[in-house]
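Contents: one structure, followed by commentary.
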Amino acid sequence: MNEIEQEQRIYAVIASIPRGAVVTYGQVADLAGMPRAARLVGRTVSKLPGDTRLPWHRVINATGKISMPRESLGFDRQKERLQEEDVVVTNGRIDLKEFRWQP
DNA sequence: ATGGTGACTTGGC
DNA sequence: TGCCAAGCCACCA
């Protein structure tokens, strides 16, 4: 599959994440049929246009943390969006046991 | 070609 | 929990 096709798959997976739930980059990769491509997912997400409708904020890393510097603008943006949909974020961390989405 | 760099993950201590 | 080393994928200087 080509680049665009990979992006489309990743977008589709992210778009399917229900409100109030989160998934890890690796999980997105798996669901998109691209195991071990977590980094690709991270890179793809980082290049999303600022006005995208995709719920990219529901994607976090395997340790349950927001993958961005705590002081960054993006960090705050993601945190706000998550809390807005009742996802508990403490110290940039989310409890995967409770909020991880399992299709 | 070659080494460095991420919005990553896993295993070990 | 936290830090590290390796493995991993795509990109770029």
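Nucleic acid contact for A:Arg43: sugar-phosphate only, since backbone atoms but no base atoms lie under 4.0 Å from a heavy atom of the residue. Counting non-hydrogen atoms under 4.0 angstrom, A:Thr24 reaches the backbone sugars and phosphates but no base.
Here C:dC9 presents its C1' atom at 17 Å from CD of A:Glu5, a figure rounded to the nearest Å. Regarding A:Arg39, its CZ atom lies at a distance of 14 Å from the P atom of C:dC11, rounded to whole Å. Protein atom CZ of A:Arg36 is 12 Å distant from nucleotide atom P of C:dA10, rounded to whole Å. Atom CD1 of A:Ile4 is separated from atom P of C:dA10 by 15 Å (rounded to the nearest Å).
To the nearest 0.5 angstrom, A:Ile17 atom CD1 is 12.0 Å from A:Trp56 atom CH2.
Scanning all heavy atoms of the two residues, the minimum distance from A:Ala21 to A:Trp101 falls at CB-CB, 3.7 Å.
First and last contacts of DNA chain B with chain A, using any nucleotide atom under 4.0 Å from a protein heavy atom and ordered 5' to 3', fall at B:dG6 to B:dT10.
Judged purely by distance below 3.5 Å, without hydrogens or angles, the side chains of A:Glu85 and A:His57 pair a donor atom with an acceptor atom.
Straight-line distance between the P atoms of C:dA6 and B:dA7: roughly 23 Å, to the nearest whole Å.
DNA chain C is contacted by both A:Arg93 and A:Pro35; A:Arg93 maps to the nucleotide lying nearer its 5′ end (nearest heavy atom per residue).
Looking only at distances, a side-chain donor or acceptor of A:Asn61 sits under 3.5 Å from a matching main-chain atom of A:Thr63. Side chain of A:Gln27 to backbone of A:Val22: no donor-acceptor contact under 3.5 angstrom is found.
Across all strands shown, C:dC8 remains unpaired; no Watson-Crick or G-U wobble contact has both distances below 3.5 Å.
When side chains are defined from C-beta on, A:Val89 does not count as touching A:Phe99, because their heavy atoms never get closer than 4.5 Å.
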